[in-house]
Amino acid sequence: MKYSKYALIGIVLIAFFTSGFFFLVMYKNGISTLSHVTQDWGAFGSYIGGIVAPFASLIAGILIYQSLKADTYYRKLELVRESLLRLDSEFYKLLTNPTHIQFDNGTNVSLEKLIILISNNKVTLTDDYEHTLLRFLQNLAIISRSIEHYLFLMDSFDANVRDRDWLINTEKSYWMYRYAKISHRLETIYGIEKINEIFTEEQLSSARYLGFISK
């Protein structure tokens with residue numbers, strides 16, 4: 001839409017200056033009145049069309065290229081989003097499914113519940129629990145990087161700036177709501193030093209950007 005508007009303005013300006021140049025030459029040659037001969041106006045139309053048409057064709061080609069580029073980018077964005085949602089589905093299932101953790105009394109709890117209990121000092125962090133939690137932290141690092149990459153693609157998409165910023169902030173708020181609280185509890189359990197050991201520098205930057213860990 002933005003490029004179409006600029007293209008229309010460009011064509012109008014080219015036609016305007018081309019016509020102005022034509023009438024200026026007429027005036028300098030002593031012709032101060034408009035012709036009443038149809039053939040003269042036909043020649044004028046051919047003159048304008050001969051100059052404007054190449055520019056219009058060039059602009060049309062640019063618009064077609066921009067349209068194909070936007071369509072390719074949109075498809076890439078959709079593929080990244082689909083992959084991210086599949087990853088999120090499995091990751092969230094691992095977090096909330098109550099069959100992964102079993103206490104000695106036979107009670108099944110979710111990983112999310114286990115993290116809450118450990119962070120509240122109601123359950124002791126055993127070696128088995130720590131292995132499970134560290135694996136979860138590794139997965140959190142992966143999904144953090146994936147989410148930021150998706151948001152970066154959205155930010156680079158050529159769209160209305162106001163709508164784009166609103167959409168990015170909405171997406172970011174969703175992911176913060178989904179994982180920030182539980183990741184902060186993990187930070188309470190292990191401390192930022194341990195998280196720095198598990199996360200790569202890029203993953204750490206992504207997690208901070210998303211509010212998953214403290215800055």
Side-chain angles (χ1 to χ4, degrees), residues 66-103 107-119 123 125 127-190 192 194-215:
Q66 291 295 339
S67 178
L68 292 174
K69 181 180 177 182
D71 183 65
T72 301
Y73 198 95
Y74 178 76
R75 291 178 183 274
K76 179 180 179 181
L77 193 63
E78 282 294 304
L79 288 174
V80 172
R81 179 175 175 79
E82 289 176 4
S83 299
L84 177 59
L85 290 179
R86 285 196 297 268
L87 177 63
D88 169 60
S89 177
E90 294 301 319
F91 188 61
Y92 198 71
K93 188 187 300 181
L94 174 66
L95 179 63
T96 58
N97 195 322
T99 61
H100 291 297
I101 309 296
Q102 187 176 49
F103 290 152
T107 304
N108 289 326
V109 296
S110 65
L111 180 57
E112 182 179 29
K113 182 65 174 179
L114 176 66
I115 294 171
I116 293 173
L117 291 173
I118 294 175
S119 64
V123 171
L125 180 61
D127 290 340
D128 290 339
Y129 294 160
E130 183 171 17
H131 176 74
T132 302
L133 266 57
L134 290 177
R135 187 175 59 184
F136 178 81
L137 266 175
Q138 293 171 345
N139 290 332
L140 182 64
I142 294 172
I143 200 170
S144 298
R145 190 62 181 164
S146 301
I147 293 169
E148 189 186 23
H149 179 65
Y150 171 64
L151 295 179
F152 172 78
L153 288 176
M154 291 180 63
D155 187 49
S156 302
F157 187 70
D158 185 17
N160 183 279
V161 174
R162 186 178 303 172
D163 291 344
R164 182 186 62 199
D165 290 346
W166 171 84
L167 185 58
I168 291 173
N169 290 332
T170 301
E171 285 278 352
K172 185 177 177 181
S173 298
Y174 166 78
W175 294 112
M176 289 179 64
Y177 174 80
R178 198 160 175 85
Y179 294 116
K181 290 182 180 179
I182 203 67
S183 59
H184 287 164
R185 288 184 178 274
L186 284 169
E187 185 178 349
T188 300
I189 295 171
Y190 286 107
I192 192 64
K194 186 65 176 179
I195 292 176
N196 286 336
E197 294 177 7
I198 297 174
F199 286 49
T200 65
E201 185 176 343
E202 292 80 10
Q203 291 168 343
L204 196 62
S205 175
S206 299
R208 283 174 173 159
Y209 167 73
L210 294 167
F212 289 176
I213 60 175
S214 61
K215 297 182 180 182

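Residues in residues 135-145 take part in these side chain to side chain donor-acceptor pair (under 3.5 Å) pairs, two or more places apart or across chains: R145-E148, R145-S206.
Smallest separation of non-hydrogen atoms from M176 and L210: CG-O, 2.7 Å. Nearest approach of I189 to I115, heavy atoms of both residues: CD1-O, 3.8 Å. Here the closest non-hydrogen pair linking G211 and H184 is O-NE2, 2.8 Å. Smallest separation of non-hydrogen atoms from P98 and N108: O-CB, 2.9 Å. Nearest heavy-atom pair, L137 versus F199, reported as atom, atom and distance to 0.1 Å: O-CE1, 3.6 Å. L84 and W175 make their closest contact through CD2-CZ2, 3.7 Å (heavy atoms, listed as atom of the first residue, atom of the second, distance).
Remark: Y129 OH to L125 CG distance equals 9.5 Å, nearest 0.5 Å. To the nearest 0.5 Å, the span separating CD1 on I147 from CD on E171 amounts to 9.5 Å. Separation of atoms NZ (K181) and CG (L186) is listed at 15.0 Å; rounding is to 0.5 Å. I213 contributes atom CD1, which lies 4.0 Å from atom CD1 of I192 (distance to the nearest 0.5 angstrom). To the nearest 0.5 Å, atom CG of residue L151 and atom OG of residue S146 are 11.0 Å apart. Annotation: the span from I116 atom CD1 to R185 atom CZ amounts to 5.0 Å, rounded to 0.5 Å.
For R75, the salt bridge (Lys or Arg N to Asp or Glu O under 4.0 Å) criterion is met by D71, not counting sequence neighbours. Residues meeting the salt bridge (Lys or Arg N to Asp or Glu O under 4.0 Å) test with E130, sequence neighbours left out: none. Under the side chain to side chain donor-acceptor pair (under 3.5 Å) criterion, D88 pairs with R178, Y179, not counting sequence neighbours. Every residue two or more places apart in sequence or in another chain was checked for a side chain to side chain contact (heavy atoms under 4.5 Å, CB included) with S205, and none qualifies. Considering only residues two or more places apart in sequence or on other chains, S214 meets the side chain to side chain donor-acceptor pair (under 3.5 Å) condition with E187. Under the rule for a side chain to side chain donor-acceptor pair (under 3.5 Å), the partners of Y150 that lie at least two apart in sequence or sit in another chain are R81. Under the side chain to side chain donor-acceptor pair (under 3.5 Å) criterion, T188 pairs with no residue at all, not counting sequence neighbours. For K194, the side chain to side chain contact (heavy atoms under 4.5 Å, CB included) partners two or more places apart in sequence, or in a different chain, are L134, Y190, E197, I198.
L111 has its side chain within reach of L133: a pair of non-hydrogen atoms, C-beta onward, lies under 4.5 Å apart. Under the 4.5 Å side-chain criterion, counting only non-hydrogen atoms from C-beta, S83 is in contact with R86. Counting heavy atoms from C-beta outward, L79 and K76 have side chains that stay 4.5 Å or more apart. Inter-residue side-chain proximity for I195 and F212 is flagged as unmet; no heavy-atom pair is nearer than 4.5 Å.
Around atom CD of E78, more than 12 heavy atoms belonging to other residues, nucleotides or ligands sit under 6.0 Å away.
In this structure a side-chain-to-backbone donor-acceptor pair under 3.5 Å is present from T72 to L68.
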